[in-house]
Amino acid sequence: MIRRDFIKTAGAVLASTALSGSSALAEEQIASGRVILPMNRNWRYSPSKVAGAEAIGFDDSKFEPIIIPHTNIALPWHNFDDKDYEFVSTYRRRFKMPQGATGKRVFVDFEGAMTASTVWINGVLLGEYKGGFTPFSFELTKHLRPQNENVLTVQLDSTERSDIPPFGYEIDYMTFGGIYREVSLRVVPQLYIDNVFAQPKDVMTGNPSLNVNCFLAGDFAAGGSISLEAELRDGDKIIAKASRTIQQPSSAVDSSNPPTPLDPYTDAPAYTTVETAKDPVRYTVSLMHLGDIQLWNLDQPRLYTVHVRLSRAGQVIDQDTRRVGFREATFTDHGFSLNGKIIKLRGLDRHQTFPFVGQAMPARVQCQDADILRKQLHCNIVRTSHYPQSRHFLDRCDEIGLLVLEEIPGWQHIGDEKWKQVAIDNVGRMIRRDWNHPSIILWGVRINESLDDHDFYTRTNALAHALDDSRQTGGIRYFQESEFLEDVFTMNDFGFPLKPPNHPRYLNTEFVGHTFPTKTTDDDERQREHTLRHARIHNQLASNPQYAGGIGWCAFDYNTHSNFGAGDRICYHGVTDIFREPKPAAGFYKSQCDPSEEVVLEPAFHWARGDESVGFTKAVFCSNCDHIKVFARANSDPAKPWVLVAEIDPDRTEFEHLKYPPFVLEVNKIDMKKLGAFWGDLRADGFINGKQVISKSLSGRGVDEKFALVPDDRELHADGADTTRVVFRVTDEFGAMRTYANDPITFTLEGPGKLIGDNPFSLIGGTGAVWVRAGEEPGVLRLTAKHPRLGVQKIEINVLSAPAEQI
């Protein structure tokens, strides 16, 4: 496999979405330059290692038809063995090339396949790629049959191989199996644009510029002058453009004294084997004096596009596009600075895994996770623990202003030198894929929670800096005595109080998590303490500007191995459950936003008299209000009046550094007997500057009253992969979750699609979720959910037609 690996970017996506017409249109576009041809449909799959399957004439009629993203086996949401998905499987895809591809170079690009992929084209072995979280490519050009059917075969080893990070010892998460990210065919001219890195410069000066680094690969030798042109666009408006003439690079090599191999992206000594003859050559086109550029920030994440054209003898032969944001992001000795403003970072770590299908979720579902973190939990940063994650997730972070710390695959273990070479290669692939994302502010170049290894981490850090000198590096560690080789000391600290910063640029990257796992069904004592532990950490982080902030462990519960987590192989470390439904601790993160963004009032408890050891003692409310009035209603009788029983202010004694501290009510001091009752309904009204702005009521009856069915989306596209989550909840009469509801919900799905999830599904903590995946035909999906006592709920999802794949 060549060093010049696949870089999947927005430009490729734009090219692929243009192919909405006929095969003739595809041929015309290929003839005029590059084209990206999605090839996610029409695969055949066998959950076994099939001898001879790479042969062109192999009969795969008994293989299962599948669509990518694909999981190698459907699983329950918990209580399963990782060995269930650890096997070798076989994928086959037949295709014909458009006539316009004649004379072009053709690559197959894989965005992610777990874990080791051996690839053949027309029976010819192309090689094995080791790694499940980073993209890879193979060139097919020499082996294609232009007039006949071609067969692409992938033998996928999904076992935990000790020669591939993160494996070799043990890891606290499951990796699952399958070709779980998209696949495409990339057709380019003989001389082509391999990658583009658009680096904003001087963004705070009022006179910003942009260095567009273009990496050209292929045949420079054909006649005609070569030129590069770059444009910066705001929508259709061209802000600036520039061009340069390209000189053919020298290819003369003294065989008696061969040079040290260089990484073509960095001009530094290569840390992995490189193909030096035709690797990319970097050329920079500078766009100067850009004037009134709007900066990318958290509230207004402004994005621009860079368009690059490669011409020979005046004719455009290739072009590509990237999306970019202008911002200055740096960790300082007094916190994290974005565009000159210190911002306290507040976020959560994310695993990209989902119930039932592991990692095999398409763009819409990946984007929804970003929306949950930014729009529902009001985080301003996420860490991609512990590996590079879906480009769709990162694209969405760019769009909504969610900062990202992205790190390489790994968990505590460091292998031998060959293992390290793969890890170093992961650094390069991660950065070259993602270096245009304005949301990414820090490269994680150390294996999570590993011991020191001076030589290894000197190399990973140097490669990151050589590839991208515009971002700082960090390395996730768990002990402060660790050697500090990176730019930011990133530290997992699960103690309390936290250790004081021991370096000027200091970021907490994990806390709480496994030290206090909490289920949605746990009692109020645990829910309250779980919530307050997160609050206490952020209170301490706010006390010292040298804490740049903190990223809590973690956002979502996740599947794990038998020696971690609970007895059902779930790590209940999240502030939401595995279905992305919030626990009370999620309310703390949600409450830390400015009221202008959302007024928040979230009870961190279940309203039941005996839901803790000895009566109900404390009610914690997470809110960004400045005052709360609490009312009770005797015997939950709607005919009786609400009676004011308490007024509370934020707890600024324990949480003196938080802008929006939790509210704590001593419930046992409320004399319900004065209301003529021993228990009843509770209502909390939130006030800001003396004005009521929100109200929440909780029933004291202990009765399941309502059943709701809530989809994330009402439209899908008929590409066979597009998917949306559908949440179901049982609540009291006021809409508050009935935590101990565990009834079986039965589903019926009609229309062009399929249900992903248990059917029937027993509620967990009063809630749960399934996913609905569109088929390949347009129409209407009708999902019916039946509760055994609360009746039936129905939703409709429109499935819109989607372009056919061109090959």
Supply the atom-to-atom distance Y45 OH to T90 OG1, rounded to the nearest 0.5 angstrom.
8.5 Å
Please determine, by modelled atom types, if Q389 and Q352 share a side-chain donor-acceptor pair under 3.5 angstrom.
no
Indicate whether the side chain of S439 and that of D398 have a donor and an acceptor atom separated by less than 3.5 Å.
yes
Within 45° of the axis and under 6.0 Å from the centre of the six-membered ring of F393, does NZ or CZ of R350 qualify?
yes
Would you mind checking if R396 and D371 are paired as a salt bridge, meaning a charged N to carboxylate O distance below 4.0 Å?
yes
Side chains of H413 and E170, donor plus acceptor under 3.5 Å:
no
Drop me the distance from I764's CD1 to T739's OG1, to the nearest 0.5 angstrom.
12.5 Å
Between N42 and E805, does any side-chain donor sit less than 3.5 Å from a side-chain acceptor?
no
Taking NZ, NE, NH1 and NH2 as the nitrogens, is one of them in E64 or R44 under 4.0 Å from a carboxylate oxygen of the other?
no
Supply the atom-to-atom distance T134 OG1 to R181 CZ, rounded to the nearest 0.5 angstrom.
8.5 Å
I408 versus A423, closest heavy-atom pair with distance
CD1-O, 4.3 Å
Answer yes or no: is there an ion pair linking E111 with R433, defined by an N-O contact shorter than 4.0 Å?
no
Using only heavy-atom distances, determine whether the side chains of S162 and Y169 contain a donor-acceptor pair under 3.5 Å.
no
Between atom OH of Y572 and atom OG1 of T560, what is the distance when rounded to the nearest 0.5 Å?
11.5 Å
In this structure, are over 12 heavy atoms from other groups packed under 6.0 Å from E777 atom CD?
no
Distance alone, cut at 3.5 Å: any donor-acceptor contact between the side chains of Y558 and H573?
yes
Can T767 and E581 be counted as having a side-chain donor-acceptor contact under 3.5 angstrom?
yes
Does D81 use its side chain to pair, donor to acceptor, with the backbone of D84 at less than 3.5 Å?
no
For a ring-ring contact (aromatic ring centres under 6.0 Å, His included) check, start with the C-alpha distance between F728 and F761, then their side-chain angles and the critical distance, and finish with the verdict.
CA-CA 10 Å; F728 37 95; F761 190 118; 5.0 Å; yes
Test side chain to side chain donor-acceptor pair (under 3.5 Å), reference R773, set D722, T723, T724, output is T723
